[in-house]
Structures are given as C-alpha cells and as structure tokens.
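Only one structure is covered here, and it is reproduced in the block below.
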Amino acid sequence: MFKEEIKSLIKGDVENTKNVLEKYSHDYSVFEVIPEVIVFPKDVEDVKALVRFVNKKRSEGYFYVSLTPRGAGTCMSGGSLNTSIIMDMTRYMKGTLEVKKINDISQKPLIGGRSYKISGEARVLPGTFYRDFEKETLKEGLIMPCYPASKNLCAVGGMVANNGAGEKSLKYGQNKDFVKSLKVVLDDGEEYEISQITKEQLEAKSLEENSLGRICRRIWNILKRNEDEIRKARPKTSKNSSGYLIWDVWDEDKNIFDLTKLFVGAQGSTGIITEITYKLVSVEDRSKLLVVFLKDLNQIPELTKELLKFDLESLEVYDDHTIKFAVKFFWSFIKDKGIKGVFRYMVNFFPEFLMVLRGGMPKLIVLAEFVSNDKFEIEEEAKSAQRNISHLGLRTRVIKTDEERNKYFDIRRDSFKLLSDHSKGTKTAPFIDDISIPPENLPLYLPELTKILDREKLLYTIAGHLGNGNLHIIPLMNFEDPKTEEIILRISPEVYALVKKHNGTITAEHNDGIIRTPFLPIMFGEKVCEIFAEIKEIFDPKNIFNPGKKVGGTIEDIEKYIIKPKKV
C-alpha cells in the first residue's frame, strides 16, 4: 500500500512482489506471516526515515503500520515475522567497520574454570553475516565467542536481538556479555549510542530533553520501584533469553547502569539496532575432547558437577535419538568428504560401533572440550578430568585427533539440519526447543518431559549445552495434519509449567517470538509481565517496533499464524 511513498523517502530498495513477500513470510519457526512490504535500508538515515514514516502513519490513523528488523531470517521463534513493514538489514547495512586489539581485561568465566581475557573490540553493522565478521576478527587472532550453531547462516543483528549463544556459552555466556555498546534508532527517529554508564552519568543523561533522556529517567524509576520483584524474577539458570533482561540493567555493586541489556534479547521491540561494538577474546588454537557415554540419566548431576571443576570451554550433549538419526542417514554426513574422507570417517567411527555392539546404545553422549595454546596442558587436563569421573563407572574416551573430534561435533551441530533434510511429509517443529534447567534437576525433569512427548507419539531429538542445562528438543511434525496445531497448543503450557516447577527458563537463547510470548506469565507471573509491558511502553509508546514480541502476543496469534494444511 505504501511502497511508492516509502521509495520516495529512502535511498534503499522497496519490494512487494508475491515471491518476495512469500520469502519473508517464513523464518526457521513454525509460522507463516505475510508482510505488506519489504524494505532494504542503505544506511542509518534510511532507518531514521522509516521510523518517522511509521510514526506519521500512526498519527494519521493507520494503527496497523509497524517496523520489524530482520537479519538472516534464522529465528526459530518467529521473531523476524510481522504483517507490516519488514526491514532487511543484510543487503546494505553490513560490514565490519573496525577490529582492534586492546589491553587485556580479565573477566570471570560463567561457571567455574579460569578467567578469560577481553583482548579486542570490533564495530560491526547489524546486517553482517557472522561468518564474514569472524573472518575479519580472525585476521587479528580474535573472536566473538558467543555464536550459535547457525554461525554460517545468521547475521550479528539477529544474534544480538535474540541474545544468542552456543557451544562456548559455558565459559563465555551470551551476546549480552559481549556487547560493549550499541547505536540504536529510538521512537523519535533519532540515533543514539548507549553503553554502560555510572549512576552519576545516568543522572546527567536523564536531564536531557530527548527520547534517550526520557527513557533513562523512566527505566530508572521502574527499576527502583520494582526492585524486589525484579530480583526475585531473575531466572535461576545460567542462560536466559526470555522476557526483557531487566535484572541486568542496574548493578549496584559496580555502580553500572547498562541500557544495552534492554536491546540485547529484545527482538527489535524497543528500537532498531544500527551498529554493534563487540568485545573479543584471543583465539586458542588447540583443543582436546573428552567423550563420555552415559546410560543412566541419574548420573547427570554428579558427572556435570565433576566436569565443571575443570576449565572447559564447552560441555555439549546429544541423545540416542540423534545418534540413531545419524546412523540412519550416515551418508548425509559424508557425501561431501570425498572417497578418502569417507574412508577416514568410517574408520573413525569404528570404536563406537564396537562399543555399541558390546554394551548397547548410550542414552546420552557428552562432549567436554578443553582449549588452550599449550597442547601438553590441555592433554593433561582432559586426562585428569577422565580420572576424576572414573568412580562413576562410565565409558569414556580422550580423543586423539581433530578428525575424531569433528565427527562428534558434526552430529551435534547438524542434528537440526539432519532432521530438516530427511523429514519426508513432516517438518521440524521448534516450539519447546530451547529449555534450560539447572543440571542437577535434569534427572527429574527429562523423564517427565519425554513422558509428555511420547504420549503424543512424537519423533524428536534432544541435543544441547549440558553445562548450562540448555536442551534443544526438536520434534518432527506433519503440518498437513490439523491435529498438529492442537498438539502444539496442548503441549506448550504443560511443558512450560514443568520448566517452572524445576526452576528453569522457557528459552535460553532462541527467545520468545510469536511462539513463547503468550506463555511468559507461566514463566514470570502476571506482575513481572506488567513490568515488561511498562518497559515496552517506555521505549515504544506507539507500539511501532515489532509488535507482538515480548508483550502483547496471544494464543490467538499462534493459532492464526501457525503453518496451515494446504488447500486441495
């Protein structure tokens, strides 16, 4: 409807053909939402013009007009979908602006282990694919370690918007821990830079007569007014992407007020990110993997406790369903490895085949990875960890070569793609896909979860980040069957109530989006959800930024936008 009007306001492109709208009606979620128009802003001036345009249309009575930023479209919760203007940042607003080394600043690791050091910084535009960004940081021997499994597909703006993480999150945390500052366009159509500031700087900032000053004043008031509620609402897990990260904004002990925490993980619902400054760490180029084969879920807490005494970079896990899929579709893993590669891959798996023949299929495979620049140090650490868990009577292996290591991580990283590629008549259905439970509670939680899934006769895999208790549960479902929608709506509140019972979070890194926003009251309660709504109103009084995410999303939205059976 507004294509020509928008084209006259910006330097970038505006498209609304049927094929383009179809492409942008999907991401990696279970939804289809047809937008009205797709815009490709060339620069921050285009973004500012778009925000002003939407404000103008709202004041003219077009209350449905909104603006949703989109990166690579790999969101699994429907966060990049909406019915109005979709703003694709990847065509023009991309590129690494600067990478520099800095004096080392020590940081505490997320769980146990040695401290790590911040050794660099990088400025990057939000539409930059992480794979391209990483190439630039590696030239300086640096890396931003909080990347997801989709690192070769995703854009950094989406990583920030979802508070993404991944296999290194045990040591390095999430995007919120590595975002130093952001440039953002707020509701007034102006760009501002935000970063950590002191209470004194906050007081000065609050006196400014602009959107940022107003936001600082009101956010400070809401934090102080609801101090007890906010403290109690903080999830007990080491990772979380659910709700607004209100508990991370004010650190009284350090005298730090950090408004970036209300953009990281906010899915573009508080403003539009136009530039990111990331903290970076030095690359450690040697690794050693300890593999543990687990047959009894009750051993998870003790195993995790013992392994976390060591300086692990990652502690990953996948289940027997994933292993069976890998065996069933073995050729999918090795089709691009060449004749020699196929032979080596098969040889590398021979010890596991023998192990299964002798002792049966393990329930879980646990991958504990150590990294360092000192090969003797990590070799000794891995063997020491192996000795430390010997009293548990588990089958273990310290992996000797990179080829052997890669075979395990190929299965772990490619489990979602494996399901997608071989789901004839079915589709991967990420709707309870990102739960995190304190590891000590997993032996009680997992049997209750699988009981629910098995009751519905679902085929699924479980993989994830054991050190954080973060499990990705991906069922295969037939969206041509009308019962699929009923199952999703029946299972979701049941599973999330179970998560709450075991002190978990309903999403650790994939965020709320369309699929989980309606269930936030189960996670946080009505009072905290009212605080979320007030925060949304402070940043976005006209509700122009990605409406329906974090605040305002309903069960009816899930019913309306979930993929429907095709009409015959």
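As a basis for the values below, the full set of heavy atoms in this structure was taken, side chains included, without hydrogen atoms, waters or symmetry mates.
- What you find for Cys146 and Gly173 is that their closest heavy atoms are SG-O, 3.5 Å.
- Considering Thr461, Ile474, Val30 as possible partners of Thr428, the one that fulfils the side-chain contact (heavy atoms from CB on, under 4.5 Å) test is Ile474.
- Side-chain atoms of Leu308 and Leu315, non-hydrogen and from C-beta on, do get closer than 4.5 Å to each other.
- Asp512 has its side chain out of reach of Lys549: every pair of non-hydrogen atoms, C-beta onward, lies at least 4.5 Å apart.
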(message) Glu316 vs Val366, test: side chain to side chain contact (heavy atoms under 4.5 Å, CB included). Steps then yes/no.
(response) CA-CA 6 Å; Glu316 300 292 280; Val366 177; over 6 Å; no
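- Between Lys451 and Glu456 there is no salt bridge, since none of the side-chain N atoms of the basic residue sits less than 4.0 Å from a carboxylate O of the acidic one.
- The pair Arg91-Glu15 meets the salt-bridge criterion, with a side-chain N (NZ, NE, NH1 or NH2) lying under 4.0 Å from an Asp/Glu carboxylate O.
- Counting all heavy atoms, side chain and backbone alike, Phe479 lies closest to Ile563 at CD2-O, 3.6 Å.
- The distance from the CD atom of Glu229 to the CD1 atom of Ile246 is 9.5 Å, given to the nearest 0.5 Å.
- Using modelled atom types, one finds no donor on one side chain facing an acceptor on the other under 3.5 Å when comparing Glu313 with Ser287.
- The closest side-chain donor-acceptor pair between Thr17 and Asn19, if any, does not fall under 3.5 angstrom.
- Within a 6.0 Å sphere centred on NZ of Lys305, other residues, nucleotides and ligands contribute 12 heavy atoms or fewer.
- What you find for Leu245 and Ser242 is that their closest heavy atoms are CD2-O, 4.5 Å.
- Closest non-hydrogen pair, Pro439 versus Leu466, comes out as CG-O, 3.7 Å.
- Atom CD1 of Ile437 and atom CG of Leu498 lie 7.0 Å apart (nearest 0.5 Å).
- Looking at Thr554, its side chain does come within 3.5 Å of a backbone N or O of Asp557 through a donor-acceptor pair.
- Side-chain contact check for Arg397 versus Val292: every heavy-atom pair is 4.5 Å or farther apart.
- Dense packing is recorded around NZ of Lys564, with more than 12 heavy atoms of other residues, nucleotides or ligands lying under 6.0 Å away.
- Between atom CG of residue Asp27 and atom OG1 of residue Thr74 there is a gap of 8.0 Å, rounded to the nearest 0.5 Å.
- Checked by atom type and distance alone, the side chain of Thr270 pairs as donor or acceptor with a backbone atom of Leu262 at under 3.5 Å.
- In the model, Asp177 has no side-chain atom that pairs as donor or acceptor with a side-chain atom of Tyr172 under 3.5 Å.
- Contact check for Ile85 versus Thr68: no side-chain heavy atoms found under the 4.5 Å cut-off.
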(request) Could you walk me through whether Glu167 and His465 pass side chain to side chain donor-acceptor pair (under 3.5 Å), step by step? (result) CA-CA 6 Å; Glu167 63 196 42; His465 318 292; over 6 Å; no
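- Judged by the 6.0 Å and 45° rule, Arg516 forms no cation-pi pair with Phe519.
- Rounding to the nearest 0.5 angstrom, the gap separating the CZ atom in Phe129 from the SG atom in Cys154 is 9.0 Å.
- At a cut-off of 3.5 Å, with distance as the only test, a side-chain donor of Asn468 or Ser169 sits close to an acceptor on the other residue.
- With no hydrogens or angles considered, a side-chain donor-acceptor pair links Asn470 and Lys239 at under 3.5 Å.
- To the nearest 0.5 angstrom, His502 atom NE2 is 4.0 Å from Glu448 atom CD.
- Judged purely by distance below 3.5 Å, without hydrogens or angles, the side chains of Tyr130 and Asn152 never pair a donor atom with an acceptor atom.
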(message) Checking Lys550 against Asn511 for the side chain to side chain donor-acceptor pair (under 3.5 Å) test, could you report, in this order, the C-alpha distance in whole Å, the side-chain angles of both residues, the deciding distance, and whether it holds?
(response) CA-CA 9 Å; Lys550 300 289 181 179; Asn511 221 282; 2.8 Å; yes
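- Separating the NZ atom in Lys171 from the CD atom in Glu369 is a distance of 11.0 Å, to the nearest 0.5 Å.
- Under the 3.5 Å distance criterion, with hydrogens and angles disregarded, no donor-acceptor pair is assigned to the side chains of Glu306 and His391.
- Residue Ile300 comes nearest to Pro443 through the heavy atom pair CB-CG, 4.4 Å, listed as atom of the first residue, atom of the second, then distance.
- A distance-only check finds no donor-acceptor pair linking the side chain of Ser66 to the backbone of Ser84 [under 3.5 Å].
- With a 4.5 Å cut-off on side-chain heavy atoms, Leu449 and Leu453 count as touching.
- In this structure, Pro518 and Ile558 have side chains that are in contact, with non-hydrogen atoms separated by less than 4.5 Å.
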(message) Test side chain to side chain contact (heavy atoms under 4.5 Å, CB included) on Leu81 and Arg70; report intermediate values, then the result.
(response) CA-CA 8 Å; Leu81 306 179; Arg70 177 176 170 125; 3.8 Å; yes
(request) Applying side chain to side chain donor-acceptor pair (under 3.5 Å), run through Ser80 and Gln267 and close with a yes or a no. (result) CA-CA 8 Å; Ser80 60; Gln267 293 194 304; over 6 Å; no
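- Remark: the Ser269 side chain and the Asn546 side chain contain no N/O donor-acceptor pair separated by less than 3.5 Å.
- Side chains of Glu32 and His26: a donor-acceptor N/O pair is present below 3.5 angstrom, by distance only.
- Remark: the Asp434 side chain and the Thr507 side chain contain an N/O donor-acceptor pair separated by less than 3.5 Å.
- A donor-acceptor contact shorter than 3.5 Å links the side chain of Asn175 to the backbone of Gly164.
- Cation-pi geometry between Lys151 and Tyr147 is satisfied (NZ or CZ under 6.0 Å from the ring centre, within 45° of the ring normal).
- At a cut-off of 3.5 Å, with distance as the only test, no side-chain donor of Tyr561 or Asn82 sits close to an acceptor on the other residue.
- Nearest heavy atom pair, residue Leu520 against residue Gly243, reads CD2-N, 4.0 Å.
- Under 3.5 Å, the side chains of His510 and Asp433 contain a donor-acceptor pair of N or O atoms.
- A donor atom on one side chain and an acceptor atom on the other are found under 3.5 Å apart for His472 and Glu509.
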